[in-house]
Amino acid sequence: MAESNDSVSVDMEKIYLGGKEHHIQTGCGSVSVIVYGDYDKPALITYPDLALNYMSCFQGLFFCPEAASLLLHNFCIYHISPPGHELGAAAISSDNPVPSTEDLADQIVEILNYFRLGAVMCMGVTAGAYILTLFAMKYRERVVGLILVSPLCKAPSWTEWFYNKVMSNFLHFYGMCGLLKECLLQRYFSKEVRGNAEVPESEIVQACRKLLDERKKTNVMRFLHAINQRPDITEGLKGLNCRTLIFVGDSSPFHSEAIHMTSKIDRKFSALVEVQACGSMVTEEQPHAMLIPMEYFLMGYGLYRPCQFSSSPRSPLSPSCISPELLSPESMGLKLKPIKTRVSLDV
């Protein structure tokens with residue numbers, strides 16, 4: 001793995017449970033990437049939602065033993081944090097220009113070039129799903145597949161725009177205050193796990209609440225500003241030629257957006273999984289519901305869980321190596337209409 005002169009790699013293996021953190025200087029600032037696994041395996045990059053990093057957005061999925069065996073057996077994982085969202089990040093100087101969503105998508109190319117990666121699999125949640133979709137549209141040759149969780153594709157509605165403006169004002173005047181955290185938790189989780197007067201909030205919500213305390217307000221405001229100014233990319237979805245698997249919780253505020261997005265992607269290349277009694281962050285709230293759809297999705301690339309497949313995990317992730325019939329939702333084991341899944345999904 002090569003390291004350019006203007007990039008700094010920081011070894012954080014002991015802190016990150018076997019992962020290694022790299023701080024990469026890009027055209028619009030430093031980005032933290034935490035890498036897990038064998039660098040010789042195909043690459044899977046992740047991008048979290050607003051105010052989150054991999055610890056608060058993907059840990060539930062990767063701590064699920066079955067999902068971990070599927071993903072870590074087949075991929076080297078590259079967890080990308082939005083600028084200033086990594087653990088222990090300092091506040092970004094106000095002298096630095098606020099990046100747009102297009103800048104953030106371009107930043108991913110610099111990260112891939114730093115690690116000398118070719119085409120990659122992508123997994124993103126909500127705002128992160130938007131960034132990765134935009135990246136896939138701009139750099140089609142660098143993406144072999146998309147796994148999107150409660151994704152965005154349209155410009156903000158007036159309601160979302162106003163809501164984001166209110167959150168931005170809270171951040172500016174009060175920082176990561178209690179009311180702002182409640183707004184964010186409603187964005188991420190269903191009411192079933194957020195709790196109420198009779199039922200305490202779940203452990204995943206409590207853990208997320210604590211991790212939100214670590215975010216610097218200016219850094220979150222910058223990402224929020226970019227997302228609130230995002231353009232509509234619906235028209236570009238028709239040109240996506242990589243296979244796309246979309247998950248959305250039926251209690252997600254972005255449920256209708258995921259349905260809209262699915263309707264705009266060629267049905268030969270996409271499938272939608274609706275998860276019952278779940279909010280936007282399926283990766284944390286119901287990670288088991290993602291397992292079987294992901295298994296069928298990855299079978300199209302010749303990738304399997306270890307118990308099913310004993311050959312080398314270094315299978316080529318190239319759609320050109322896949323017969324056309326494997327690119328259909330039916331080949332994934334998925335129906336063209338949305339699938340309803342439950343947390344008690346048998347594995």
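When atom types are taken as modelled, the side chain of N74 and the backbone of L303 share no donor-acceptor pair closer than 3.5 angstrom. Panel note: side chain N53, backbone H85; a donor-acceptor pair is recorded below 3.5 Å. Side-chain N or O atoms of Q286 include one that pairs as donor or acceptor with a backbone N or O of Q276 at under 3.5 Å. One N or O on the side chain of N196 and one on the backbone of V199 form a donor-acceptor pair closer than 3.5 Å. Distance alone, capped at 3.5 Å, places no donor-acceptor pair between the N228 side chain and the N164 backbone. Proximity of a side-chain donor or acceptor of S280 to a complementary backbone N or O of S252 within less than 3.5 Å is not detected. The backbone N or O of I24 sits nowhere less than 3.5 Å from a side-chain atom of T26 that would complete a donor-acceptor pair. Formation of a donor-acceptor pair under 3.5 Å by the K217 side chain with backbone atoms of H172 is found in this model. Between the side chain of K41 and the backbone N or O of L72 there is at least one donor-acceptor pair closer than 3.5 Å. Put simply, the side chain of R243 gets close to the backbone of F297: a donor and an acceptor are under 3.5 Å apart.
Judged by the 6.0 Å distance and 45° axis criteria, R142 is not positioned over the aromatic ring of F135.
Linking Ile, Leu, Val, Met, Phe, Trp and Tyr residues whenever their side-chain heavy atoms come within less than 4.5 Å places L184 and Y163 in a single cluster. Residue V166 is grouped with residue L224 when hydrophobic side chains (ILVMFWY) are merged at heavy-atom distances under 4.5 angstrom, including chains of intermediate members. Residue M281 is grouped with residue M176 when hydrophobic side chains (ILVMFWY) are merged at heavy-atom distances under 4.5 angstrom, including chains of intermediate members. Hydrophobic clustering (ILVMFWY, side-chain heavy atoms < 4.5 Å, transitive): I227 and V98 are in distinct clusters. Hydrophobic clustering (ILVMFWY, side-chain heavy atoms < 4.5 Å, transitive): I92 and F223 are in distinct clusters.
When every heavy atom of A90 is checked against every heavy atom of K216, the shortest pair comes out as C-CG, 4.1 Å.
In this structure, F62 has its ring center closer than 6.0 angstrom to the ring center of H79. For F115 and H22, the ring centers are positioned less than 6.0 Å apart.
The pair R194-E182 fails the salt-bridge criterion, with no side-chain N (NZ, NE, NH1 or NH2) lying under 4.0 Å from an Asp/Glu carboxylate O. The existence of a salt bridge linking E66 and R305 is excluded, since no basic side-chain nitrogen approaches an acidic carboxylate oxygen closer than 4.0 Å. A salt bridge does not link E235 with K264: every distance from a Lys NZ or Arg NE/NH1/NH2 to an Asp or Glu carboxylate oxygen is 4.0 Å or more. Ion pairing between a basic and an acidic side chain is recognised when a charged N comes within 4.0 Å of a carboxylate O; E160 and K154 show no such pairing.
Between Y78 and Y39, the ring planes are perpendicular. Angles over 60° get that label, and only those under 30° would be called parallel. Taking the six-membered ring for Trp and thresholds of 30 and 60 degrees, Y174 and F170 have ring planes inclined between 30 and 60 degrees apart.
Between E192 and S190, the side chains place a donor N or O and an acceptor N or O closer than 3.5 Å (distance only, hydrogens not considered). At a cut-off of 3.5 Å, with distance as the only test, no side-chain donor of Q229 or S100 sits close to an acceptor on the other residue.
Partner E201 forms a salt bridge (charged side-chain N to carboxylate O under 4.0 Å, His left out) with one of K210, R209, K191 and no other, that one being R209.
A distance of 4.0 Å separates CD1 in I80 from CD1 in I111, rounded to the nearest 0.5 Å. Separating the SG atom in C28 from the CG atom in N96 is a distance of 10.0 Å, to the nearest 0.5 Å. Between the CG atom in N241 and the CD atom in E141 there is a gap of 10.0 Å [rounded to 0.5 Å]. In this structure, L52 CG and S81 OG are separated by 10.0 Å, a value rounded to the nearest 0.5 Å. In this structure, E274 CD and T262 OG1 are separated by 8.5 Å, a value rounded to the nearest 0.5 Å. To the nearest 0.5 angstrom, F247 atom CZ is 9.5 Å from L272 atom CG.
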query = Passes side chain to side chain contact (heavy atoms under 4.5 Å, CB included), R140 versus M137? Steps please.
reply = CA-CA 6 Å; R140 296 179 187 177; M137 289 165 48; 5.6 Å; no
inquiry  = D213 vs K181, test: side chain to side chain contact (heavy atoms under 4.5 Å, CB included). Steps then yes/no.
reply    = CA-CA 9 Å; D213 285 330; K181 283 189 281 190; 2.5 Å; yes
key: Stepwise side chain to side chain contact (heavy atoms under 4.5 Å, CB included) check, L70 with L291   = CA-CA 8 Å; L70 173 66; L291 178 62; 4.2 Å; yes
request  = Could you walk me through whether D103 and Q107 pass the side chain to side chain contact (heavy atoms under 4.5 Å, CB included) test, one step at a time?
outcome  = CA-CA 6 Å; D103 292 331; Q107 205 172 49; over 6 Å; no
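Residues I34 and Y36 meet the side-chain proximity criterion, which asks for heavy atoms closer than 4.5 Å.
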